[in-house]
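Everything on this sheet refers to the single structure shown next.
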Amino acid sequence: MSRDHLKGATAAPGPAYDADAPFLELLARGAAAEAYDRPVLLARAEGGDGERIAALEHAKLLALRVRSELEGRRRREAELSALFETAHDLAGPRDVDAVLQAIVQRARSLLGTDIAYLSLHDPARGDTYMRVTEGSVAARFQQLRLGMGEGLGGLVAQTARPYVTDDYFRDDRFRHTTTIDAGVRDEGLVAILGVPLTLGPHVIGVLFAADRRARVFEREQIALLASFAALAAAAIDTANLLTETRSALAGIERANEIIRDRSAVIERASDVHDRLAELVLRGGGVHDVAAAVSQVLGGTVEFLESAPAGALEASRAEGHAVRHQDDWIAAVAAGGELLGALVLHGHPALDPVDQRTLERAAMVTSLLLLARRSAAEAEQRVRGELLDDLLEARDRDPRLLRERAARLHADLDATHVVLAARLDAAAPDADQEAAARRRLWSAASHLAATRHGLAAARDGGTVLLMPLEYGDNATELARRTALHLGAAVQEAVTVGASAPVRDLAAHPDTVVAAYAEGRRCLDALRLLGRSGDGAAAEDFGFLGLLLAGDRDVAGFVDRTVGRVVAYDERRGTDLLRTLDAYFAAGMSPARTKDELHVHVNTVAQRLERVGHLLGEDWQSPARALEIQLALRLHRLTAPSPAPH
């Protein structure tokens with residue numbers, strides 16, 4: 001409404017409908033509550049008389065009351081809509097087990113509780129037994145039986161009235177028993193609401209909704225669950241009757257008139273069921289399901305990992321295929337996780353049977369995706385078990401090790417690098433830290449599987465055994481792995497690498513030593529403030545030796561002057577002795593030749609050979625310091641000469 005309009009409406013006293021007009025317009029467009037103050041404020045700002053302002057105030061109060069009443073009706077309509085949808089779901093031709101499972105799932109969804117469960121009356125034993133649970137994790141709880149008057153459920157069954165407790169173990173209104181309390185304690189339940197499932201005067205079971213934390217169930221929630229329980233009881237009775245009817249008609253050649261009218265529908269549904277079952281049994285994929293449903297529905301169906309967000313979320317929340325423009329979208333979900341969608345293109349007119357066919361195909365697709373994921377996780381565990389055995393040297397038979405690796409497309413005879421990876425950020429609590437470690441292990445396992453390597457969770461992080469390709473080195477592999485894992489888990493990951501190792505099947509102890517070296521490198525990176533980076537032990541020289549908790553003296557000496565030691569052993573030369581004298585003489589060739597009693601040209605030739613072995617930068621200050629330290633450690637660790 002314009003300012004001039006409001007000004008005209010408040011300029012002078014008038015009949016009552018003049019004061020009501022702006023509020024009627026606000027009601028018509030569903031404005032927020034604070035918007036109802038604007039006509040009064042505008043009238044005051046423009047100097048309206050008291051009578052006019054009073055009329056506006058009165059009209060505002062009436063309008064707000066009407067708005068509140070409308071909101072209450074909308075809320076009740078939403079609840080009635082949920083009950084209607086529940087009744088629609090439960091009215092389908094399903095067996096008893098399917099109906100009971102649908103009851104419990106919808107009860108848990110309606111109240112948003114941690115767990116929902118349903119117990120049924122056992123006339124033979126005179127008690128109730130747990131028939132279906134949703135969200136339960138404790139085996140003892142799932143096997144409970146409640147006698148009349150025992151526990152909250154027994155009290156509900158005995159009195160045929162709803163009962164609710166916000167703290168089960170502190171509630172003495174019902175009789176606690178050791179068995180029931182133990183089961184409830186195993187499940188960790190605190191707040192429990194139970195409503196009876198009644199058929200006429202008879203209680204046939206109890207429907208429960210419960211939380212693992214203290215919670216007060218509102219009266220409206222109790223009434224809503226009770227209404228749902230009434231529908232559920234009728235659905236159970238209907239399902240039982242339907243089951244009995246189907247058994248009675250199994251041997252009849254021709255069905256009655258109702259079955260004949262629906263025969264085409266049943267045949268088509270059966271055809272879809274058979275096709276989908278065959279696909280599952282022969283190991284078909286999600287695209288095979290889409291192709292089969294395309295033939296049945298006479299349209300184009302495809303599986304997409306993403307679809308229009310609004311329609312996809314609506315389908316997931318409602319559990320039904322929804323129309324989006326000229327397409328139909330059925331969410332592929334499992335356990336609250338959205339895996340994708342089946343989309344039927346260019347088929348705006350879809351009857352309920354075909355809609356249900358698309359929905360069942362989406363459910364089968366989710367099962368196939370979960371099966372594929374389970375297979376991948378099983379392979380990851382097998383890879384981790386092989387690497388665990390190598391790290392603990394449990395299986396020392398090279399033939400068996402090679403066979404196990406070959407089944408995983410890994411080659412233990414190739415050159416490998418052992419990588420130690422760990423998350424850098426500290427998690428706020430133990431659960432989040434465990435979840436972060438699982439994400440790291442999953443990402444590492446996927447990387448290892450795609451690169452013909454192995455991965456396992458170990459020591460609060462992850463260890464990988466990755467093949468080293470020709471022309472690659474341990475440092476670059478460590479850096480790439482740190483970047484890849486960090487991007488996969490969306491957190492900084494630090495990776496320490498060992499030197500390349502070979503012939504792992506014949507020498508599994510090599511993996512143990514290489515892992516220790518990779519962890520020392522990882523510790524050195526973190527101590528140097530290089531979190532989120534990757535490096536190999538050779539990158540740190542003697543600094544890595546000093547920072548590491550377990551000093552790898554032999555490894556440091558070998559990496560630094562090992563080629564000179566090997567050359568002397570093969571050729572019988574004195575390069576090591578020449579290096580000692582050269583550094584002792586202040587790196588002066590002239591003074592070195594006096595120490596060794598050789599010609600200065602001999603010293604120059606030997607130093608030139610050292611340069612070929614150690615690299616041109618061997619006399620730089622940093623390298624020279626490392627070489628001198630390695631020479632001293634070599635003297636200290638070398639065995640003493642045998643006495644003559």
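These numbers come from the heavy atoms of this one structure, side chains and all, not from hydrogens, waters or symmetry mates.
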Closest contact, heavy atoms only, Ile329 versus Ala341 | CG2-CB, 4.0 Å
For Val156 against Val195, the heavy-atom pair lying closest together = CG1-C, 3.8 Å
Considering only heavy atoms from C-beta outward, does the side chain of Leu152 approach that of Ile180 to under 4.5 Å?
-> no
Could you tell me the separation between the OG1 atom of Thr165 and the CZ atom of Phe217, rounded to the nearest 0.5 Å?
-> 9.5 Å
Using the side-chain contact (heavy atoms from CB on, under 4.5 Å) rule, take Val190 and Phe169 through it: C-alpha gap first, then chi angles, then the decisive distance, then the call.
-> CA-CA 7 Å; Val190 177; Phe169 290 101; over 6 Å; no
All heavy atoms of Thr128 vs all of Ala157, minimum pair found to be CG2-CB, 4.1 Å
Point-to-point distance, once rounded to the nearest 0.5 Å, from CG of Leu189 to CG of Asp167 | 11.5 Å
Decide if atom CZ of Arg170 counts as having more than 12 heavy atoms of other residues, nucleotides or ligands within a radius under 6.0 Å.
-> no
If we only count heavy atoms from C-beta on, is the Leu440 to Arg437 side-chain gap below 4.5 Å?
-> no
Is Val489 close to Leu423 at the side-chain level, that is, under 4.5 Å between some pair of heavy atoms?
-> yes
List the steps and the verdict of side-chain contact (heavy atoms from CB on, under 4.5 Å) for Glu134 and Tyr117.
-> CA-CA 6 Å; Glu134 178 72 15; Tyr117 50 102; over 6 Å; no
For the pair Ser445 (side chain) and Trp441 (backbone), establish whether a donor and an acceptor sit closer than 3.5 Å, ignoring hydrogens and angles.
-> yes
Would you say the side-chain atoms of Thr159 pair up with the backbone N or O of Leu155, donor to acceptor, closer than 3.5 Å?
-> yes
When the ring centroid of Tyr168 is compared with that of His176, is the distance short of 6.0 Å?
-> yes
Using modelled atom types only, decide if a donor and an acceptor are shared between the side chain of Thr133 and the backbone of Ser136 within a distance under 3.5 Å.
-> no
Can Ile192 and Phe208 be said to form a side-chain contact (heavy atoms from CB on, under 4.5 Å), step by step?
-> CA-CA 7 Å; Ile192 304 176; Phe208 299 88; 4.0 Å; yes
Side chains of Arg145 and Arg125 in contact at under 4.5 Å (non-hydrogen atoms) = yes
The reported gap from CD in Glu220 to CG in Leu224 (rounded to nearest 0.5 angstrom) is 9.5 Å
Closest non-hydrogen contact found for Ala59 with Asp20 is CB-OD1, 3.2 Å
Does the distance from a Lys or Arg side-chain N to an Asp or Glu carboxylate O, for Arg213 and Asp114, drop under 4.0 Å?
-> yes
State the OH-CZ distance between Tyr36 and Arg67, to the nearest 0.5 angstrom.
-> 5.5 Å
Kindly say whether His320 contributes a backbone atom to a donor-acceptor pair with the side chain of Ser315 at under 3.5 angstrom?
-> yes
Donor-acceptor side-chain pairing of Gln158 and Glu150 below 3.5 angstrom = no
Separation of Leu197 CG from Ile204 CD1 (nearest 0.5 Å) | 5.5 Å
Answer yes or no: does atom NE2 of His202 have more than 12 heavy-atom neighbours from other residues, nucleotides or ligands under 6.0 Å?
-> no
What is the minimum heavy-atom distance between Leu146 and Gly154, and which atoms define it?
-> CD2-N, 3.6 Å
Any chance you could measure Leu42, atom CG, to Asp37, atom CG, to the nearest 0.5 Å?
-> 12.5 Å
Side-chain ion pair, Arg140 and Glu187, N-O less than 4.0 Å | no
Under 6.0 Å from the CZ atom of Arg161, do we count more than 12 heavy atoms belonging to anything else shown?
-> no
Report yes if some heavy atom in the side chain of Thr179 is under 4.5 Å from a heavy atom in the side chain of Asp181; otherwise report no.
-> no
Determine the minimum heavy-atom distance between Leu225 and Ala209, stating which atoms define it.
-> CD2-CB, 4.2 Å
Please tell me if the side chains of Leu193 and Leu207 come closer than 4.5 Å, counting only heavy atoms from C-beta onward.
-> no
Using atom types as modelled and distance alone, determine if a side-chain donor or acceptor of Ser119 lies under 3.5 Å from a backbone N or O of Met130.
-> no
Carboxylate-amine/guanidinium proximity below 4.0 Å for Arg65 and Glu69 | no
Taking the side chain from Thr198 and the backbone from Gly200, do they hold a donor-acceptor pair closer than 3.5 Å?
-> no
Check ion pair Arg215-Asp166 (N to O, under 4.0 angstrom) | no
